[in-house]
Amino acid sequence: MSRLYPYLVAGLPDITFKESKAFDYAHICQRLQEHLIGSDGRLLRLLLIGLQPYRQTPYWYSTAAKSDCRFIQEYFDYDRLLRNAQAVAAAKKMKVEPYDYLIGDYDPTTLPEEFVQVLDKPDILAREEEIDKLRWQKANEITALNYLDIDYLLAYVTKAAIIDRWLKLDKTKGEAFFKLLVSEVRGTFDIRKTL
């Protein structure tokens with residue numbers, strides 16, 4: 001399989017957090033799925049499942065933790081910790097206990113300082129952007145010494161998913177969307193009723 005990596009990597013468009021040209025996330029994923037077979041194909045499918053927020057359940061995180069793929073293990077362990085920190089911050093604002101919303105172990109004393117700083121941002125859109133930057137940085141950190149291997153490709157797809165999310169929202173639409181979402185949630189859903 002390693003003979004395909006240089007070909008696949010060379011065919012990927014350059015991406016940065018905010019600027020990406022000729023970018024089609026769905027096409028990139030489809031192309032990689034066509035070429036990655038066997039265990040590499042299974043890892044890509046596992047990653048694509050994990051990048052869908054509605055799939056991020058305790059079972060999913062347990063599956064990721066048991067994966068023999070370093071990128072999937074480390075990235076989703078970080079993602080779980082970050083999501084737990086978000087749940088705790090949201091529960092604190094709503095003055096409810098967060099424990100029913102946490103996945104796996106959670107020790108607030110072990111939170112990285114950058115989580116605390118990001119989660120304290122009052123602007124929802126800015127906070128979401130900073131959270132995605134943390135995810136981007138973690139993908140880069142895990143694969144800092146990886147070139148032309150499956151971990152590199154998985155990190156690329158992870159970062160491409162982040163870009164795809166932001167390309168679908170410009171600043172004006174994004175702010176309007178988040179304000180609408182927050183007002184709908186505040187108006188129609190009371191987390192305390194689910195406890």
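None of these values were measured; they are calculated from a predicted model. Side-chain atoms are counted along with the backbone in the values below, which use heavy atoms only and exclude waters and symmetry mates. Sequence positions, counted from 1, serve as the residue numbers for this chain.
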Residues Tyr5 and Asp40: closest non-hydrogen pair is OH-OD2, 2.5 Å
Check: Taking the side chain as C-beta and beyond, is there a heavy-atom pair between Thr158 and Trp136 under 4.5 Å?
Finding: no
Just by modelled atom types, is the Asp24 backbone N or O under 3.5 Å from a matching donor or acceptor in the Asp164 side chain? no
- With a 4.5 Å heavy-atom cut-off, do Tyr7 and His35 have their side chains touching? yes
- Given side chain to side chain contact (heavy atoms under 4.5 Å, CB included), test Tyr25 with Val157 step by step and report yes or no. CA-CA 8 Å; Tyr25 176 68; Val157 170; 4.1 Å; yes
Any side-chain to backbone donor/acceptor pair from Glu74 onto Ile142? Under 3.5 Å, distance only. no
In terms of heavy-atom contacts, Arg135 and Ile162 come closest through CB-CD1, 3.9 Å
Checklist entry - Do Phe17 and Leu125 share a hydrophobic cluster (ILVMFWY, side-chain heavy atoms under 4.5 Å, transitive)? => result yes
Interatomic distance, CZ@Arg42 vs SG@Cys69, rounded to 0.5 Å, equals 12.5 Å
key: Close side-chain approach of Thr16 to Ile163, heavy-atom, < 4.5 Å   = no
Check Glu130 with Arg127, please: is the shortest side-chain N to carboxylate O separation under 4.0 Å? no
Per side chain to side chain donor-acceptor pair (under 3.5 Å), Gln30 is matched among Gln33, Glu34, His27 by Glu34
Only one of Leu48, Asp151, Ile72 passes side-chain contact (heavy atoms from CB on, under 4.5 Å) with Leu43, and that residue is Ile72
Between Pro112 and Leu81, the two heavy atoms sitting closest are CD-CD2, 4.0 Å
_Could you check whether any side-chain N or O of Thr143 sits under 3.5 Å from a backbone N or O of Asn146, counting only pairs where one atom can act as donor and the other as acceptor?_
no
Quick note, salt bridge (charged side-chain N to carboxylate O under 4.0 Å, His left out) partners involving residues 80-93, not counting sequence neighbours, are Asp77-Arg80, Asp79-Arg83
So SG of Cys29 and CG of Leu51: to nearest 0.5 Å the spacing works out to 8.0 Å
Exercise for review: Find out if a path of hydrophobic residues (ILVMFWY) with successive side-chain heavy-atom gaps under 4.5 Å connects Leu167 to Ile131.
Suggested key: no
Nearest heavy-atom approach of Glu114 to Tyr78 is OE2-OH, 4.1 Å
Across all chains, not counting sequence neighbours, the salt bridge (charged side-chain N to carboxylate O under 4.0 Å, His left out) partners of Lys159 are none
Residue set satisfying salt bridge (charged side-chain N to carboxylate O under 4.0 Å, His left out) with Arg31, at least two apart, ordered chain then number -> none
Exercise. Does the side chain of Ile28 reach to within under 4.5 Å of the side chain of Pro13, using non-hydrogen atoms?
Worked result: yes
**Asked** Tell me, do Leu12 and Leu153 make a side-chain contact under 4.5 Å, heavy atoms counted?
**Response** yes
Q: Report, as yes or no, whether the 6.0 Å neighbourhood of atom CG on Asp105 holds more than 12 heavy atoms from other residues, nucleotides or ligands.
A: no
Answer yes or no: is there a side-chain heavy-atom contact under 4.5 Å between Glu129 and Trp166?
-> yes
From the list Asp149, Ile150, Leu154, side-chain contact (heavy atoms from CB on, under 4.5 Å) with Tyr152 holds only for Asp149
Q | Side chains of Leu47 and Phe76 in contact at under 4.5 Å (non-hydrogen atoms) | A | yes
ILVMFWY cluster, Tyr75 and Tyr106 together (side-chain gap under 4.5 Å) | no
With a 4.5 Å cut-off on side-chain heavy-atom distances among I, L, V, M, F, W and Y, is there a chain of contacts connecting Tyr101 to Val88? no
Checklist entry - Quick one: do Trp60 and Leu102 end up in the same hydrophobic cluster if we chain Ile, Leu, Val, Met, Phe, Trp and Tyr together by side-chain heavy atoms under 4.5 Å apart? => result no
Heavy-atom nearest pair, Pro58 first then Ile103, reads CA-CG2, 3.8 Å
query: Do Leu8 and Leu36 have side-chain heavy atoms sitting under 4.5 Å apart?
result: yes
Would you check if there is a donor-acceptor pair between the side chains of Glu141 and Gln137 at a distance under 3.5 Å? no
Between Ala87 and Pro98, the two heavy atoms sitting closest are O-CB, 4.3 Å
